[in-house]
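Just the heavy atoms: all of them, side chains too, but no hydrogens, waters or symmetry mates, feed the values below. Chain letters run A, B, ... following the sequence lines, proteins first and then strands; every chain starts at 1.
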Amino acid sequence: MDIARHINRLNPRQREAVLHTDGPLLVLAGAGSGKTRVITTRVAYLLSQGIPSEAVLAVTFTNKAAKEMRQRVMGMLKANGTKPPLISTFHSLCMNILRREIDKLGFRRDFTIYDTSDQHSLIRNLLSEIRYEDKSFKPESILERISMAKNDMPLPRSAKKDEPDDIEVISDAVYPKYREAMKTLNAVDFDDLLLHTVKLFNEHPAVLQRYQDKFRYILVDEYQDTNRVQYRLVSLLAGKHRNLCVVGDDDQSIYGWRGADLGNILDFERDFPGTVVVRLEQNYRSFGNILQAANGVIRNNRQRMEKTLRTEQGSGPKVSVFRADETDDEAKWVADRIELLKFEQQIAYDDVAILYRANLFSRPFEEALRRKRIPYTVVGGTSYFEQREIKDIASYLKICANKRDDLSLLRVANIPKRGLGPGALGKLFAFAKEHSLPLLDACRRADEVLDLGKRLRNSAQGLAELIERYSARFAQSKDMSNALRDLIDEIHYREHLHDLYKNQQSVIKRIEGYENFISSLAVYEKEEKLPDLHGFLEALALTDMLEQKDETKTFGVTLISFHSSKGLEFPIVFIVGVEEGILPHKKSIHDVEEERRLFYVGITRAMKKLFITHTRHRVKYGKAVPSSPSRFLEELPAEVTQNVSRFADDSPDTPEKAAEDFFKNIQRMMQK
DNA sequence: GTTAGTTCTGTTTTT
DNA sequence: CAGAACTAAC
């Protein structure tokens, strides 16, 4: 059979991971050890053993990973026409469970998903409700604390335990109100998707059992990134049949700050007795010197499972370390080097990546590359969904889909201007509260709202009528994209944009934005078997369906953060800004080990040649300040690195030295 | 109800 | 320095 061929090509460890189908299995997959291949082959193998597709579940974090896995599994299965199993992100898995079962928790099945900015505005509303006027609190820090609480993270109580600081007090006050509000709004946030599912399983054992018996074989990718709630979810689901395979690399755990709990992977053996551990340490990606650099660095972490990456490739060139005088020199040097590589070694620009700690460091490199006419793409940045016109239109759809979603109604109530400003809405809102009605109903019954002018009553009723009418039209699920277009026309949204922005260019951009949105609705309708508005809004919240157009092909040199680079590989890698305060970032200094892992992730992206750069002076907010080399540089084994700085010494940064270096530098330039 | 001036802040990111 | 968010004056 076909599958045997795939299995034969694996190394012994990999094969072990594939063939161990029953009972708990922990696969510690080092960087570049062929992890995806193992996972895919394992899934295909399970199916070839006669296990029905429906009994297999693979969970990932991102849609991208899910998609990739799906494609590769399908590629292996295509010959024998087996149905692919469910490969899903944590969130869409929970979404699908809740869509069926959430009424058991007192929500309606037409619930809405709130994204971060929805949460943001809810918090703001709640704060003003408590009449908390102090503006020094950012809603996002409250949100952060709420999210931490939900994910059961030990909250960093103020170091001294005498009295909780203000942000704690206010968060503790807001949290219960937040939960309450979410329930009346019939909305759940991203954390809730997971949390409610766990709650559902805990409170309804029969439901849990149904899913346990359905998914008899479970696989979790990137297990080192799971948080406590995800851990609980997985334990519950796999609790009965215990055929749980988790794959991950504790050394690549770089999401502690958003709740990932390294303990999940470190304690897996303890939590699941009888676990078989497979270590994949054979690396197929990088030359030996790069691996030695990586091993040398990660060795310094205490909290980890011992592993050492090996390769059968040669050692390759040494890791070059360059020290620039300041930010622009660093960028210029990198650009020069890339150009040189291109000419001397016929390297394609696509093979090169520049990695940094924070996105804002991309600027000088963009500039330097542009000056040299070197093509590049910056990965990361603001997402499409943040755009105003998208939010506006999406809010209209949300209120049509879930008539209790006051927040979305609030957002669109005065877009375009209907005279429903804060004053009028406040009165409507008070009325709604008084009669415990959704805001939409309050608008419909605006006649009964005292001290509201006639015009405003008409406005509110008109709005309610509009929403009801389109809601009914969308509910028919026929030709939703045309309905949306009519809605946009009817509210004169285009004209609204013209009023809002005097710059023609940006108006055109935004019109393109919503046109794009409409066509993605059209695409959704065409591709989905049973399209409905909820399905579309889910896809919108849970997938990257809108920004997938240019994902696969990056052009030229790739500029990317360490975090986003995880999982990728490049023949040539530049790691830049490796300085104290940046690579162990000053705000993350409490978890130096995670910062070290970040560096490790960066190093292990490189296949053939790695450059590491740092500067003596960094331009920060317009001013140059002295900057010292990262402590991690000392951890690079000397035998695999070479210093390629103009000044070979590692002298401290005294004025005398600086002058001397300057002089040497001049001399060098004269010799050229 | 807007628009221009002002203050403030400044990691990492996915769902 | 630069972008966001907020305030004060039209």
Side-chain angles (χ1 to χ4, degrees), chain A residues 59-66 88-95 113-120 124 133 135-136 138-141 144 147 150-151 188-195 197 222 225-227 229-230 253-260 327 355-364 367 379-383 385-386 388 414-424 499-502 537-547 560-567 577 581-591 594-595 597-599 601-602 618-625:
Chain A
V59 189
T60 65
F61 273 84
T62 64
N63 293 298
K64 197 177 156 212
S88 163
T89 63
F90 271 105
H91 293 268
S92 42
L93 172 71
C94 290
M95 172 75 228
I113 299 173
Y114 273 11
D115 66 21
T116 320
S117 69
D118 297 326
Q119 296 184 72
H120 196 270
R124 280 164 71 117
E133 304 296 336
K135 304 274 170 31
S136 58
K138 287 165 290 181
E140 44 270 29
S141 51
E144 199 189 325
S147 178
K150 287 185 177 190
N151 290 314
V188 303
D189 62 30
F190 289 125
D191 295 326
D192 289 340
L193 285 171
L194 306 170
L195 211 55
T197 307
E222 304 281 13
D225 290 336
T226 50
N227 64 26
V229 177
Q230 283 156 171
S253 164
I254 53 176
Y255 286 107
W257 52 274
R258 68 176 199 207
T327 316
L355 271 53
Y356 36 73
R357 174 64 225 252
N359 290 123
L360 67 111
F361 293 119
S362 70
R363 281 306 168 90
E367 199 112 301
V379 177
T382 13
S383 88
F385 204 41
E386 303 288 297
R388 169 186 242 136
N414 214 22
I415 297 174
K417 305 276 166 317
R418 294 188 178 87
L420 297 176
D499 293 344
L500 212 53
Y501 303 98
K502 50 186 176 187
L537 289 172
E538 274 155 31
L540 204 60
L542 257 34
T543 75
D544 46 2
M545 63 179 297
L546 291 180
E547 36 198 344
I560 191 169
S561 70
F562 293 124
H563 285 92
S564 312
S565 75
K566 199 173 83 175
I582 298 173
L583 193 35
H585 196 278
K586 62 176 182 299
K587 286 197 178 163
S588 300
I589 213 76
H590 53 90
D591 193 356
E594 179 153 313
E595 296 293 293
R597 292 193 289 268
L598 217 38
F599 191 33
V601 165
R618 184 150 294 273
V619 179
K620 256 185 183 170
Y621 316 134
K623 272 195 188 61
V625 291

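C:dG3 sits 15 Å from B:dT12 when the P atoms are compared, rounded to a whole Å.
Listed by chain and residue number, A:Phe61, A:Phe90, A:Val220, A:Tyr223, A:Gln230, A:Asn264 satisfy the side chain to side chain contact (heavy atoms under 4.5 Å, CB included) test with A:Thr226 (two or more places apart in sequence, or in another chain). Take A:Asp118 and apply the salt bridge (charged side-chain N to carboxylate O under 4.0 Å, His left out) test, not counting sequence neighbours, and it matches A:Lys391, A:Lys398. Legend: residues meeting salt bridge (charged side-chain N to carboxylate O under 4.0 Å, His left out) with A:Arg418, ordered by chain and number and at least two apart, are absent. When the side-chain hydrogen bond (donor to acceptor under 3.5 Å, both in side chains) test is applied to A:Ser564, the partners found at least two apart in sequence or on another chain are A:Ser561. By the salt bridge (charged side-chain N to carboxylate O under 4.0 Å, His left out) test, A:Asp189 pairs with A:Lys150, sequence neighbours left out.
Side chains of A:Glu595 and A:His585: a donor-acceptor N/O pair is absent below 3.5 angstrom, by distance only.
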Under 4.0 Å protein heavy-atom contacts per nucleotide of nucleotides 6-13 of chain B, with B for base, S for backbone only and - for none: ----BBBB
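Note: CZ (A:Phe90) to P (B:dT15) measures 13 Å, nearest angstrom. Remark: P of C:dA4 and CD of A:Glu140 are 13 Å apart, rounded to the nearest angstrom.
Across all strands shown, A:Asp189 has no heavy atoms under 4.0 Å from either base or sugar-phosphate atoms. Residue A:Arg597 is out of contact with every strand shown, counting any heavy-atom pair closer than 4.0 Å.
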